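Nothing here was measured: the structure is a model prediction, and the numbers come from that model.
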Amino acid sequence: MPTARYHALLCRDAAGGFSAIALDLGTTGFGATANDARDDLKEYFRWLHRKEQWTTAPDFGEPELRWFTVAVRPEYRGANRLYPTDAEVPVRVPCVVGTRKSGQHTADLPLLGIRFDYPNRTELEKLVERYVSQKLEGLTPEQVGAYLPPIEAELLEIVVPVPKEPPGALLTIPPPPTLARVAEPVGDRAVRKGYARAWGRETELTALVRKLHHEKANVLLVGESGAGKTTLMVDAVKEAEKKALAEDERPGVKHKRRFWLTSAGRIVAGMKYLGQWEERVESVIAELGELGGVLCVERLLELVRAGGLGPTDSIAALLVPYLARGELRMIAEVTPAELDACRRLMPGLPDLFQIVRVEPFDRATALTVIDRQLEATASGPGVEVERGTGERIVRLFRRFMPYAAFPGPASAFARQLVDTHVKQDKKPVTPGAVVDQFRRQTGLPELFLRDEITLRRESALDWFRARVIDQPEACEAAANIVMTVKAGLNDPTRPPAVMLFCGPTGVGKTHMAQALATYFFGHSESAEPKSTARKEVPPSVSSLRVPPPEFRADRLIRLDMSEYGGFDAVYRLLGPPRGEPGELVKQVRRQPFSLLLLDEIEKAAADVFDALMGVFDEGRLTDQYGRVTNFRSTIIVMTSNLGSGTSRAVGFGGENTGAQYQDAAMKFFRPEFFNRMDAVVTFRPLLPASVRAITRRELDAIAKREGLARSGVNVHWSEALVEHLAAIGFDPRYGARPLQRAIEREVVAPLARWLLTNHTAEGQTVRADWASSGCAFSSA
């Protein structure tokens, strides 16, 4: 059997572990012993040669290990200057030198990842010193320490057997050069491994294979995103190539890969000058013609968008004549909305294809497919899957992501679930593990994910009342949303809630939005303390872990609508017609389980209101190219200060000011926009007692800051201090907004100075009081 020879540097670190670094490659094997590290690297090279038969070992002959010492001066970086250390640090560096077949001298610094050729041995030491100095320049002493030499280092040779074709094997034909750069053969095992089997698609699979192999047709797979179009295509290509190989009358010649998968982005990648991508496309068409090949495109609409300035000079426009003359065959994927966009932008293009519909699965079929997916994924590593796991996956996705077509997201979720348990010593995959992973992915609490956990409305009310002070109407509205979602009675075709918070500034509108985001989407996997909902857990499920919510900034999408008041506001919010999506679309696509806060909505342009009406009504946003962004898992909150300009809204008190804010909102917004809101919540002006309660809450929050939490020091706030801060931190016009600044100025800065000049023991209590000269601190 032929072999390939690799050279590596074997190192033993201070902890006793071993690593083997392949020369001229940088690939590393690890192990507890030298043999383990060598075998780890050897196994990788075996796998590489099985995957890519044309792989060859690096041209690195006659290796020799040499050591060099380079003086390095570590340094620290300040805001606007450098602070070098007092003395240079000698760093001992292993260097492996060798000779290539051409006679060229080459060197490898494996621990630094530096490889270079050099003219002669007299220049080697200078080049090593130069490259090492550049690599370690600007590092701190701790960072330089990571590059200290190993305890031991030696060279080793790894001999890897290279798979050989058996006698009478089929001759491999090299791939065409342009196709190899912009596409990959769908029939290759490495490509197929990235996709699941097309279970439950036997009828569509048979029809597609017939069209590809017998009818030689152009095919358009039409289905919602996630319905399994690509998986179906990959399976059909596999079957079509098997049939073509069986019918090939040329013995001893391996059938050429006929189906090549690409995308518009790959076709135009690196093309900077006029005519470049057109030349590349023509080369691809010519090479496919020689192969009798088929071009597979992930998204047909991208071909209409990419290339020129519009559909008429796009990639699709260039391909249309070749498709019409039969000089090019193609399989493409498209969603129904994208198909409508293609018909509108380039009417003749869809007519060149035969359409195969890929409908989403019903619940029964989805459950069967997910069970088979779990079984197939878990059988390889030998992981046990408990009964009911697939049913729990389907139920959660149907309940909380009804807009996601099956089996796409659910299938990916199942694979990820099994992979996670393979890494965890092959623990059994259980329905409870499904809930845990879904919670980590969405941020939703187990309170919503488990029907066996009950919830009383008073518990939800208490939770919001503890965080949003003296706003009973707002807490009632928030609790109503919680109960509706918990009961599963929210409309699945709309966002869970669309709310308008109106009232004077500085009374807690934004804080309530943060509280809603925290309750629904703030459940991190590391949270341990008890939650407010645990009281309602029945005895049979009392052991369930229900993590408490914590505020996560990535789940609150906050937009200042005063920035979207110009003529191009919609384009900046949602994205220009031919450009990248806007920031709102990007964030919702990245994480649909979020709260969207539209601050000061009345300042937005009229076109923005028109765009948002579709979001409020249907929970989705579709651009002119048929690309859909779903808001059906996104809570939408708008804030407004409309009506706060009257004298009744200024100052403390004001029990009957709610009507004026709602009246102002109804007069300002068009009826069709106002009627799409689920609730209009009026926030009261703050009472003196409310300001004092907010002050205590903000002071208590200081104890959670890193300095106090790390030292374990407790701070007791006196009533005099609270009264003083409440008086200076409230403004009749701006509400409680100045309170944060007052606390930072009057409390935090003096407390920091006191802690740095006084010794405090862990667990010690510091008393904070207000004196005539300012905030005073003393050890209790």
How long is the span from the [atom1] atom in [X] to the [atom2] atom in [Y], to the nearest 0.5 Å?
X: Leu621; Y: Leu612; atom1: CG; atom2: CG; answer: 8.5 Å
X: Asp451; Y: Arg399; atom1: CG; atom2: CZ; answer: 8.0 Å
X: Asn490; Y: Met483; atom1: CG; atom2: CE; answer: 13.0 Å
X: Leu559; Y: Leu597; atom1: CG; atom2: CG; answer: 8.0 Å
X: Asn630; Y: Thr493; atom1: CG; atom2: OG1; answer: 11.0 Å
X: Glu446; Y: Ile453; atom1: CD; atom2: CD1; answer: 5.5 Å

Between [X] and [Y], is there a donor-acceptor pair closer than 3.5 Å when you use the side chain of the first and the backbone of the second?
X: Thr231; Y: Gly228; answer: no
X: Asn675; Y: Pro671; answer: yes
X: Thr206; Y: Glu202; answer: yes
X: Arg329; Y: Leu212; answer: yes
X: Thr634; Y: Phe593; answer: no
X: Lys229; Y: Gly223; answer: yes
X: Arg632; Y: Glu618; answer: yes
X: Asp340; Y: Ala337; answer: no
X: Gln471; Y: Val507; answer: yes
X: Thr389; Y: Val385; answer: no

Can you tell whether the side chains of [X] and [Y] come within less than 4.0 Å, N to carboxylate O?
X: Lys238; Y: Asp235; answer: no
X: Asp610; Y: Arg670; answer: yes
X: Lys603; Y: Asp560; answer: no
X: Glu375; Y: Arg372; answer: no
X: Glu298; Y: Arg266; answer: no
X: Asp362; Y: Arg398; answer: no

Pairs of donor and acceptor atoms involving the side chains of residues 345-359, under 3.5 Å and at least two apart or interchain, shall be tabulated with distances.
unit_1 : atom_1 : unit_2 : atom_2 : d
Gln354 : OE1    : Lys211 : NZ     : 2.6

Apply side-chain hydrogen bond (donor to acceptor under 3.5 Å, both in side chains) to the pair Arg589 and Thr629, showing each step before the final yes or no. CA-CA 6 Å; Arg589 286 181 181 176; Thr629 305; 3.0 Å; yes

Non-hydrogen side-chain atoms of Leu339 and Thr335 separated by less than 4.5 Å: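 No, side chains not in contact.
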
Does the side chain of Cys296 reach to within under 4.5 Å of the side chain of Met330, using non-hydrogen atoms?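 Not touching, per the 4.5 Å side-chain cut-off.
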
Once salt bridge (Lys or Arg N to Asp or Glu O under 4.0 Å) is applied, do any residues pair with Arg620, and if so which ones, sequence neighbours excluded? none

Verify the distance criterion only: is there a donor paired with an acceptor across the side chains of [X] and [Y] at less than 3.5 Å?
X: Ser633; Y: Tyr403; value: yes
X: Ser411; Y: Gln373; value: yes
X: Thr639; Y: Asp599; value: yes
X: Glu583; Y: Gln587; value: yes

Taking all atoms of both residues into account, what is the closest heavy-atom pair of [X] and [Y], and its distance?
X: Ala341; Y: Leu301; value: CB-CD1, 4.3 Å
X: Gly390; Y: Ile370; value: CA-CG2, 3.9 Å
X: Leu444; Y: Leu449; value: O-CD1, 3.9 Å
X: Ala517; Y: Arg555; value: CB-O, 4.2 Å
X: Ala513; Y: Phe501; value: N-CE1, 4.1 Å

Does the pair Phe609 and Phe669 meet the rule for a ring-ring contact (aromatic ring centres under 6.0 Å, His included), with working shown? CA-CA 9 Å; Phe609 294 141; Phe669 297 112; 5.7 Å; yes

Trp463 six-ring centre to Arg465 NZ/CZ under 6.0 Å and within 45° of normal: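 No, cation not above the ring by the 6.0 Å, 45° rule.
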
Taking the six-membered ring of Phe361 as reference, does the NZ or CZ atom of Arg201 fall below 6.0 Å from its centre and within a 45° cone about the axis?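 Yes, Arg201 lies over the aromatic ring of Phe361.
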
ring-ring contact (aromatic ring centres under 6.0 Å, His included) between Phe464 and Tyr519, intermediate numbers included: CA-CA 9 Å; Phe464 286 105; Tyr519 196 99; 5.3 Å; yes

Verify whether the ring centers belonging to Phe616 and Phe631 lie closer than 6.0 Å. no

Assign the ring pair Phe400 / Phe438 to parallel, tilted or perpendicular, where the plane angle (0 to 90°) is split at 30° and 60°. tilted

Between Asn218 and Leu323, does a side-chain contact (heavy atoms from CB on, under 4.5 Å) hold up when you go through it step by step? CA-CA 8 Å; Asn218 299 315; Leu323 291 168; 3.9 Å; yes

